[in-house]
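Residue numbers start from 1 in every chain, and the chains themselves are labelled A, B, ... in the order their sequence lines are given, proteins ahead of strands.
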2 protein chains.
Amino acid sequence: MTPPPPELPQDTRHRLIEAAILTFAEKGYDGAGIREIAQRAKANSALVTYHFGGKEGLYREALRHISARKASEVATLPPPPEPGSPGAREVALQGMKAYIRAFVTDLMSCPAESEVDAAAMALIGREIQMPHPVSAPVLLEFARPYMERVLALLRILRPDADPETLLRLTLSIQGQILHFRNSLGFIRLLSGDPDFPKDLEALIQHFTDFSLRGLGVPEAFPQTRP
Amino acid sequence: MTPPPPELPQDTRHRLIEAAILTFAEKGYDGAGIREIAQRAKANSALVTYHFGGKEGLYREALRHISARKASEVATLPPPPEPGSPGAREVALQGMKAYIRAFVTDLMSCPAESEVDAAAMALIGREIQMPHPVSAPVLLEFARPYMERVLALLRILRPDADPETLLRLTLSIQGQILHFRNSLGFIRLLSGDPDFPKDLEALIQHFTDFSLRGLGVPEAFPQTRP
DNA sequence: CAAGATTAATCAATCGATTGATTCAGTCAA
DNA sequence: TTGACTGAATCAATCGATTGATTAATCTTG
């Protein structure tokens, strides 16, 4: 018989962070108590102050943990093509499709797979809407690669657009997807379908079609209407 | 000299509700305390229990107050045309443009005009993302006219689409606008432009163009790209 | 290598502050 | 007189934070 695992000390920190992500996502910063978080992590509430300096520090560290884990996933996509390079337009078109797919799957990470991942994205979504004073720097760093990737692709697909137009286009593309994720619970209430969306692949296809047409990319348009 | 206004007694209830909207919007349900709300309304905190039965009752009544005041504004738009009636398609096209304009101006109601209106929409936005158990019925009733208006127009503009597609299209149109409103503070941080959007009219035009193209409406497409 | 010293990690217990709620004597207009 | 309201006091509960003690791990030194 193996003895009970020695409960690696450094592991407690990590358990606290994961419990914090779950609890903050469920109840918000004010709604979540450090006692509840500690209990969830099977640790003592005093450790929140010991490891993170307090509730605020734990919150900051939880957001940092999310940011560090997610930031790398965007980088796995092939880099956007150089503007002006041969075939850049076609590559950018495919790049946009790949980006939207990655963005959706990032956001819709199934709760069954990783409860913490799902809570993490819910937490980020809430922070974007209503940033806690502590979170702004972490959040900006988290969002920047997503923004810059879309902007780089848009500069190729819409070389005529000025910077403000590019920003608006970026926000429309990301906005429909983010709103979809952030309001999923409400949408399910509204539509009366508790397991909407049934077909994630169809949803990705929809976002791709809607966005590419919305951008005014001619290639995406002709075949869609009788 | 006129004596100080007699402070209409029934008015206290209303002052409490408005103070509640402001405070709940700023700090969330858990972050706001009834003492702070009462102080803002220049009333006694005991009146929260007296008038509304407690904090939860005040919250519910605040949401109801918002819902009752906003719901009428959608109805001022001309009704959507009958499917199949002559020129229904053109009327629906104009109807969609009017709807998007109304939706944007509703959401972006300038804080300078009515601080309470702006806070109310921020509160609704937060509730959509993370509904308080108390708010679900009020919220559904609030959102339904907005949803049904878009769906009615879409059934004319996209008669080929099945119900799930119609829902996705509706969510994409509203989503980009809602995300824009809900994340405005964050967007200003990201773009580095503290008074974005400078031009509300250009923004409305953008949402209209992006949405109509995204819908696959041929009329909206040809002229936009060189 | 072993004994002693130091540090890190954790705990139960408790702190003062604040929470939502309640009570109650008093004001004031109808 | 009655109902709407006020202001102040107070309640139990809970909050985040802190304390002092204890154990486990690591390092120092003879």
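- Rounding to whole angstrom units, CD of residue A:Gln39 and C1' of D:dT14 are separated by 14 Å.
- Rounded to a whole Å, the CZ atom of B:Arg13 is 18 Å from the C1' atom of D:dT6.
- With sequence neighbours excluded, the residues that form a side-chain hydrogen bond (donor to acceptor under 3.5 Å, both in side chains) with A:Asp106 are A:Tyr146.
- Partners of B:Gln39 according to the side-chain hydrogen bond (donor to acceptor under 3.5 Å, both in side chains) rule, which considers only residues two or more places apart in sequence or in another chain, do not exist here.
- The phosphate of C:dT10 (OP1 or OP2) has a side-chain N or O of A:His51 nearer than 4.0 angstrom.
- Contact detail for B:Thr12 and B:Ala43: the closest heavy-atom pair is CG2-CB, 3.9 Å.
- The nearest whole Å value for the distance from the CZ atom in A:Arg15 to the P atom in C:dA9 is 13 Å.
- Remark: A:Tyr29 pairs with A:Phe24, A:Tyr59, A:His132 by the ring-ring contact (aromatic ring centres under 6.0 Å, His included) rule, at least two apart or across chains.
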(request) Go through the steps to decide whether A:Phe207 and A:Phe180 satisfy the test ring-ring contact (aromatic ring centres under 6.0 Å, His included), and finish with yes or no. (result) CA-CA 10 Å; A:Phe207 284 134; A:Phe180 196 93; 5.6 Å; yes
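- Partners of A:Asp195 according to the side-chain hydrogen bond (donor to acceptor under 3.5 Å, both in side chains) rule, which considers only residues two or more places apart in sequence or in another chain, do not exist here.
- Remark: P of D:dT23 and CG of A:Leu47 are 16 Å apart, rounded to the nearest angstrom.
- Remark: P of D:dC15 and CD1 of A:Ile37 are 11 Å apart, rounded to the nearest angstrom.
- With sequence neighbours excluded, no residue forms a ring-ring contact (aromatic ring centres under 6.0 Å, His included) with B:Phe52.
- Between the two ends of the helix from C:dC1-D:dG30 to C:dA30-D:dT1, each summarised by a five-pair axis, the helix axis turns through 20° (rounded to 10 degrees).
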(message) What does the B/S/- profile of nucleotides 17-26 of chain C look like, 5' to 3', with a 4.0 Å heavy-atom cutoff to protein?
(response) --BBBBB---
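- Every pair passing side chain to side chain donor-acceptor pair (under 3.5 Å) that includes a residue from residues 17-27 of chain B is listed here, sequence neighbours excluded: B:Thr23-B:Arg40, B:Glu26-B:Arg40, B:Lys27-B:Glu36.
- In terms of the side-chain hydrogen bond (donor to acceptor under 3.5 Å, both in side chains) criterion, residue partners of A:Ser172 (sequence neighbours excluded) are, by chain and number, B:Gln176, B:His206.
- The CG atom of A:Asp11 sits 14 Å away from the C1' atom of C:dT10 (whole-angstrom rounding).
- Proximity of B:Tyr50 to the phosphate of D:dA4: a side-chain N or O atom is located under 4.0 Å from OP1 or OP2.
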